[in-house]
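See structure below.
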There are 2 protein chains.
Amino acid sequence: MDDTAGRGGENLLFLTDEQLRKGIEAMFFAYRGFTADPDRILAQMAYGRAHHRAIHFVNRAPGTTVNNLLATLGVTKQSLNRVLRTLIEDGLIESRVGTRDKRERHLFLTDEGRELEQKLSDAQRARMRAAFRKAGPEAVSGFRTVLEAMMDPELLRHFHNDRSTM
Amino acid sequence: MDDTAGRGGENLLFLTDEQLRKGIEAMFFAYRGFTADPDRILAQMAYGRAHHRAIHFVNRAPGTTVNNLLATLGVTKQSLNRVLRTLIEDGLIESRVGTRDKRERHLFLTDEGRELEQKLSDAQRARMRAAFRKAGPEAVSGFRTVLEAMMDPELLRHFHNDRSTM
DNA sequence: CTTGGAAAGTCAACAAGGCTGACATATAAT
DNA sequence: ATTATATGTCAGCCTTGTTGACTTTCCAAG
């Protein structure tokens with residue numbers, strides 16, 4: 001409705017402060033919804049959002065190293081280590097010493113870990129699926145385009161390459 | 001590119017688990033970018049993201065009550081109070097006793113508060129503007145449609161009505 | 001073969017910002 | 001008068017982030 005500019009050359013109607021504020025608040029409220037379902041599940045166990053993130057990215061790139069995970073998640077190794085330790089102790093993640101470089105630890109989900117991953121991502125995907133279906137393919141395409149343009153250039157690398165970072 | 005389904009009735013190509021995973025990670029990485037700039041500014045003062053949120057919504061709905069802010073932010077009053085107290089002490093927010101109902105406190109930004117708000121939202125808007133410009137009006141429309149579909153119904157209320165919640 | 005440095009783990013201390021529970025106060029509503 | 005509401009506050013807890021210091025392991029370059 002707003003996407004036909006009055007003047008010819010530059011279409012600026014979607015770049016007004018009001019439109020930008022709308023976008024900012026949309027991100028804020030949507031992110032709340034985005035994390036709400038997994039958070040509810042995690043709250044019942046001794047885990048939090050940080051555990052979910054670790055599990056997600058280990059599942060996505062099995063055999064990834066701690067350093068890779070660090071860069072992807074953007075936290076300190078001490079912070080990640082605390083989370084990782086409990087997940088390993090609880091038997092959700094397996095840490096294998098590297099064969100080529102034995103300093104490295106390669107991370108894998110155990111059967112139990114995969115089970116929790118499924119449970120969490122099923123909940124998250126259900127909401128994403130509902131939103132995608134409601135919005136339609138065109139909107140989904142735009143959604144991804146804008147989000148990608150909002151990322152930091154380095155994070156963008158993780159967004160694309162992650163399967164090769166193992 | 002992916003938005004033409006093979007079969008006629010239901011277009012499901014953008015609802016595959018892989019597409020949903022992409023959407024999930026896009027949210028994760030984009031939110032990092034979204035908060036990065038204000039976070040850098042806040043880190044230099046004694047403030048955090050919670051202060052930013054309070055300032056943002058007080059600026060957006062001047063005179064809003066504590067209870068309204070509570071519902072919008074989705075935190076406990078103890079948590080909000082800690083943040084609000086420092087902002088009032090530091091002279092960024094003014095708390096006026098209600099005229100009709102003297103139990104209520106109406107919140108306003110002071111000149112100094114408006115100054116910080118500008119600084120923070122300028123940084124955040126700059127990134128949002130760059131992303132919007134890069135992605136184009138069509139994408140922006142889709143972006144907002146999907147985000148709105150991702151919100152919880154109640155949060156949706158806050159997204160729309162907030163100017164009337166004062 | 002020694003040594004420098006990278007990768008990983010660990011310990012300690014701290015801070016932000018969530019949470020619950022309990023309680024106080026002022027005011028409104030019944 | 002009593003009850004309900006809005007707010008503030010104290011105390012204590014948890015998760016998850018931080019920094020800094022230190023150790024162990026081990027690859028690789030000299």
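We name chains A, B, ... by the order of the sequence lines, and we start the count at 1 in each one. The analysis underlying the following values was restricted to heavy atoms, covering all of them including side chains, and did not include hydrogens, waters or symmetry mates.
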Next item on the list: Return the value, rounded to whole Å, for the distance between atom CG of B/L69 and atom C1' of D/dG8.
Entry: 15 Å

Check: For D/dT5, does OP1 or OP2 lie under 4.0 Å from any side-chain N or O of B/N67?
Finding: no

Note to self: Go nucleotide by nucleotide along DNA chain D from the 5' end; which of A/V97 and B/L107 gets its closest nucleotide reached first?
What the structure shows: B/L107

Margin query: Given C/dA8, D/dC10, D/dT7, identify the nucleotide with an atom nearest to the side chain of A/V66.
Written below: C/dA8

Next item on the list: Measure from CG on A/L84 to P on C/dT10 and round the result to the nearest Å.
Entry: 10 Å

Notebook entry, point to check: Under the ring-ring contact (aromatic ring centres under 6.0 Å, His included) test, which residues partner B/H51, sequence neighbours left out?
Noted result: B/Y47

Next item on the list: Figure out the NE2/C1' separation between B/H106 and D/dT7, and round it to whole Å.
Entry: 12 Å

Margin query: Between P on C/dA7 and CG on A/L70, what's the gap in Å once rounded to a whole number?
Written below: 11 Å

Checklist line | Contacts of type ring-ring contact (aromatic ring centres under 6.0 Å, His included), residue B/Y31, not counting sequence neighbours | finding: A/Y31, B/F34

Item checked: Atom-to-atom span, CD of A/E104 to C1' of C/dG9 - whole angstrom -> 14 Å

Notebook entry, point to check: How close or far is atom P of D/dG17 from atom CZ of A/R85, stated in whole angstroms?
Noted result: 14 Å

Checklist line | Value in whole Å for how far the C1' atom of D/dT16 lies from NE2 of A/H52 | finding: 16 Å

Note to self: Within this structure, what is the CZ-OG1 distance for the pair B/R105 and B/T65, rounded to the nearest 0.5 Å?
What the structure shows: 11.5 Å

Margin query: If the cut-off is 4.0 Å, is A/N81 near the phosphate of C/dT10, judged by side-chain N/O to OP1 or OP2?
Written below: yes

Note to self: For residues 115-148 of chain B, which residue pairs pass the ring-ring contact (aromatic ring centres under 6.0 Å, His included) check, not counting sequence neighbours?
What the structure shows: B/F132-B/F143

Item checked: Non-hydrogen side-chain atoms of A/E148 and B/K22 separated by less than 4.5 Å -> no

Item checked: Pairing residues for B/D90 by the salt bridge (Lys or Arg N to Asp or Glu O under 4.0 Å) criterion, not counting sequence neighbours -> none

Checklist line | Annotated protein contacts, base or backbone, on nucleotides 17-26 of chain C with a non-hydrogen cut-off under 4.0 Å, one of B, S, - each | finding: BBSBBB---B

Notebook entry, point to check: Which residue pairs pass the salt bridge (Lys or Arg N to Asp or Glu O under 4.0 Å) test when at least one of the two sits in residues 38-56 of chain A, sequence neighbours left out?
Noted result: A/D37-A/R40, A/D39-A/R49

Checklist line | Length of the CZ-P vector between B/R96 and D/dG8, whole Å | finding: 15 Å

